[in-house]
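Remember, it's a predicted structure, so these values are computed and weren't measured experimentally.
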Amino acid sequence: MQRMTGGRAVAAALKAEGIEHVFGIVGTHDSPLFDGVLNEPSIHVVTVRHEQGASLMAAGYARASGKIAACFVVPGPGLTNALTGIGMAYSESAPLLVFGGQNTLAQLEREGGHFHELANSVGVAGSVCGYATRVSTPSDIPRVIREAMRSMRCQRPRPAYIEIPLDVQSGQADVALLAPEQYSRPGGDPASIARAAEALKSANRPFVFAGGGVASAQAAQQLVRVAELLGAPVVTSVFGRGVISDRHPLALGDGWGRFDLYDELLTQADLVLVVGSRIDVVSDWNLGARFPQRIVQVDIDPLVVGQRRPVEVGIVGDAASVLDALVAQLGGGKERLCWFDAAGFRRRKQAQMVERAGSVLKVIEDLRAALPDDSIFVDDLTLVGYWMPLLLQTYRPRTLIHPGTYGTLGYSLPAAIGAKLACPKQPVVSISGDGGFLFTMQELATARAQKLDLIALVFNDNAFGAIRKYQDRMFGGRHIGSELTNPDFVKLGDAFGAKSIRVEPRDLGGAVRRAHEAGGLWLIEIPFAPEGPANMVPWMP
């Protein structure tokens, strides 16, 4: 045991757990936490400009790398500011560890008008976390952090919240630090895996629907091997983009259901293997309603299995372990020929995208061509971002980060900062609209302070463009609140120390290539307001 403060115990436990980054803003109620990590060289503290930025950065960090970062926030407004990013991470199954400061133990639950007071703060945080608790003594800190890490590593990854009152942060106690632990995830019931293998063998026309759980489990290689053994084409969810390279002959891309692109597959298939996906509304407008009657589903979350459709075989377990077992039972090296004309489908899909996406397709193709295969693209809720999962050729897991069902406007810039800190050797591009960018643009200061090589794209149509289009369609063109008055984005970027330019859409590819080669922080504004089908949000009714 060692005598130490609660703040120092947090730092020591974070080091033992391999956590390298802490995002947050120092305040009166979390100062002892920051002081605890001051002399810990293995932990890098990133001072953000808003607590929402802290949690979104940690979420982007996790989405890009699978690694866990921590956030330090004050209670009351610090916690409620961070809730948006925590809720985002909960929705997209991203792990992050949030430490909330708090008033002293004696002041709690009395509503005495104390500074930063928030009633039932653990309950508030717990509504968007998989684990939430309060610590009442420094000696409990390593154990509680270990429990939080287990909850994120051994089951569906979601945020964890640990609240530490001020007197616990600054008080001293004898603390027993825990040795590092190798976390293991459930491997799945062997009998269920055997039944799944028999079902897959009996199918004549199977396909695979792969979600973000494949990336979380680092199971992309196993997924592709199962698909090859089955001769099964692979459709991915938004979160699963990249778990099979778009260059692979079995890859069919993202399964956005609103365009009915996959009807020719669905009407022929006799079984679907769903791995690591809720079949959520952003990826499939019909929630799997047109999937075959025969479904084999693999997910680490028991609540997900059979949630959308009854399943023939459901397996609760880690995707990598279950898929490894399926590879062994499917016969090892013998591959089936693909029953579906995947190459022809890709050609027909591309022709439809040329017709429907128009100028957006050209922009996204130019972006793809300008950067290496391992570049990370982080979308916001903007026209180009909405189209990215459908149109961007994606070659590796975790290289297309899309907001998904929670739909946080302003997500892209802070999430891209987190992604760059997690993966410093990979190019990172943030894709925002003018409306969303102003939600979190202050984090340009964070990117500048961290000396990041980062490209921030702002597509400017002087509107909340998706909502304006929605008002055109649903309200007869009666617009309210969707037109915007914007700053000069080039001057704004200059003021933050970013290299800032304005280019026409046709010149974007060259500008991005030059920015990548030059390095540093870039803001590139693109005036962009296409008309016709290209101006439609792919999933909006």
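Proximity of the aromatic rings of F72 and F34 is defined here by a centroid distance below 6.0 angstrom, and this criterion is met. Less than 6.0 angstrom separates the ring centroid of H21 from the ring centroid of Y61. For Y262 and F345, the ring centers sit closer than 6.0 Å to each other.
Side chains of N460 and E525: a donor-acceptor N/O pair is present below 3.5 angstrom, by distance only. Checking T399 against T394 by side-chain atom types alone, no donor-acceptor pair falls below 3.5 Å. In this structure, a donor-acceptor pair under 3.5 Å is present between the side chains of T446 and E443. Under 3.5 Å, the side chains of Q471 and S482 contain a donor-acceptor pair of N or O atoms. For Q450 and H44, the side-chain atoms include at least one donor-acceptor pair closer than 3.5 Å. One side chain, S412 or S430, offers a donor N or O that lies under 3.5 Å from an acceptor on the other.
Counting non-hydrogen atoms of neighbouring residues, nucleotides and ligands closer than 6.0 angstrom, the CZ atom of R506 reaches no more than 12 such neighbours. More than 12 non-hydrogen atoms from other residues, nucleotides or ligands lie less than 6.0 angstrom from CZ of R346. Open room surrounds NZ on K15; 12 or fewer heavy atoms of other groups in view lie less than 6.0 Å from it. Q218 CD: 12 or fewer foreign heavy atoms inside a 6.0 Å radius. No more than 12 heavy atoms of other residues, nucleotides or ligands lie within 6.0 Å of CZ in R448, so this atom counts as exposed by the packing criterion. The number of heavy-atom neighbours closer than 6.0 Å to CD of Q442, taken from other residues, nucleotides and ligands shown, is above 12.
Under the 4.5 Å side-chain criterion, counting only non-hydrogen atoms from C-beta, L492 is in contact with F437. Looking at F489 and L523, their side chains come closer than 4.5 Å, going by heavy atoms from C-beta outward. For the pair L521 and D453, the minimum side-chain heavy-atom distance is 4.5 Å or more. Residues L391 and V384 fail the side-chain proximity criterion, which asks for heavy atoms closer than 4.5 Å. Considering only heavy atoms from C-beta on, V128 comes within 4.5 Å of L83 through its side chain. For the pair L413/L454, a side-chain contact is recorded, criterion being any heavy-atom separation below 4.5 Å from C-beta on. Using a 4.5 Å heavy-atom cutoff, the side chains of V98 and L96 are in contact. In this structure the side chain of V360 reaches within 4.5 angstrom of the side chain of F528, judged on heavy atoms.
Between the side chain of K349 and the backbone N or O of G344, no donor-acceptor pair lies under 3.5 Å. A donor-acceptor contact shorter than 3.5 Å links the side chain of D380 to the backbone of G410. Using modelled atom types, no side-chain atom of S91 and backbone atom of M88 make a donor-acceptor pair closer than 3.5 Å. Side chain of R158 to backbone of S93: no donor-acceptor contact under 3.5 angstrom is found. Looking only at distances, no side-chain donor or acceptor of D374 sits under 3.5 Å from a matching main-chain atom of Q426. A donor-acceptor pair under 3.5 Å links the side-chain atoms of S500 to the main chain of A498, judged by distance alone. Under the 3.5 Å distance criterion, the side-chain polar atoms of R398 are matched with a main-chain donor or acceptor of A215. Using modelled atom types, one side-chain atom of D434 and one backbone atom of N462 make a donor-acceptor pair closer than 3.5 Å. Using a distance-only test at 3.5 Å, with no hydrogens or angles considered, no donor-acceptor pair links the side chain of D30 to the main chain of V26.
Note: D507 CG to I526 CD1 = 11.0 Å, rounded to the nearest 0.5 Å. A distance of 5.0 Å separates CD1 of I86 from SG of C129, quoted to the nearest 0.5 Å. Here OG of S55 is found 9.0 Å from CG of N81. Values are rounded to the nearest 0.5 Å. A distance of 11.5 Å separates OH in Y411 from OG1 in T440, rounded to the nearest 0.5 Å. Here the CG-CD distance, from L79 to E163, works out to 7.5 Å after rounding to the nearest 0.5 Å. Rounding to the nearest 0.5 angstrom, the gap separating the CE atom in M388 from the CZ atom in F377 is 5.5 Å.
At a threshold of 4.0 Å, the pair R478-D472 does not count as salt-bridged, since none of the basic side-chain nitrogens sits closer than that to a carboxylate oxygen. Between K362 and D366, at least one side-chain nitrogen of the basic residue sits less than 4.0 Å from a carboxylate oxygen of the acidic one, meeting the salt-bridge criterion. Salt-bridge formation is detected for the pair R225/E228: a Lys NZ or Arg NE/NH1/NH2 atom is positioned less than 4.0 Å from an Asp or Glu carboxylate oxygen.
Shown here for H29 and P75, the closest heavy-atom pair between the two residues is CB-CD, 3.2 Å. Closest of all the heavy-atom pairs between G211 and S277 is CA-CB, 3.7 Å. When every heavy atom of P372 is checked against every heavy atom of R368, the shortest pair comes out as O-NH2, 2.7 Å. Taking every heavy atom of both residues into account, A59 and A94 meet most closely at O-CB, 4.3 Å.
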**Request:** Begin with the C-alpha distance, continue with both residues' side-chain angles, and end with the deciding distance and a verdict on side chain to side chain contact (heavy atoms under 4.5 Å, CB included) for I401 and D379.
**Result:** CA-CA 6 Å; I401 299 176; D379 297 343; over 6 Å; no

**Request:** Show the numbers, then the answer: is there a side chain to side chain contact (heavy atoms under 4.5 Å, CB included) between L400 and V238?
**Result:** CA-CA 8 Å; L400 177 58; V238 170; over 6 Å; no

**Prompt:** Stepwise, does the salt bridge (Lys or Arg N to Asp or Glu O under 4.0 Å) test hold for R502 with D488?
**Reply:** CA-CA 10 Å; R502 182 180 295 110; D488 183 318; 3.0 Å; yes

**Request:** Start with the C-alpha gap between E264 and R348, add the side-chain angles, then the distance that decides, and say whether side chain to side chain contact (heavy atoms under 4.5 Å, CB included) holds.
**Result:** CA-CA 11 Å; E264 60 179 290; R348 292 187 292 276; 2.7 Å; yes

**Message:** Under the criterion side chain to side chain contact (heavy atoms under 4.5 Å, CB included), I'd like the reasoning laid out for V214 against Q222: C-alpha separation, chi angles, the key distance, then a yes or no.
**Reply:** CA-CA 9 Å; V214 178; Q222 295 94 323; over 6 Å; no

**Request:** Begin from the C-alpha positions of D299 and R278 and carry the test salt bridge (Lys or Arg N to Asp or Glu O under 4.0 Å) through to its verdict.
**Result:** CA-CA 9 Å; D299 205 284; R278 293 168 291 184; over 6 Å; no

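Applying the side-chain contact (heavy atoms from CB on, under 4.5 Å) test between V274 and each of V304, I279, V235 identifies I279 as the sole match.
Geometrically, R247 engages Y395 in a cation-pi contact, judged by NZ or CZ lying under 6.0 Å from the ring centre and within 45° of the ring axis.
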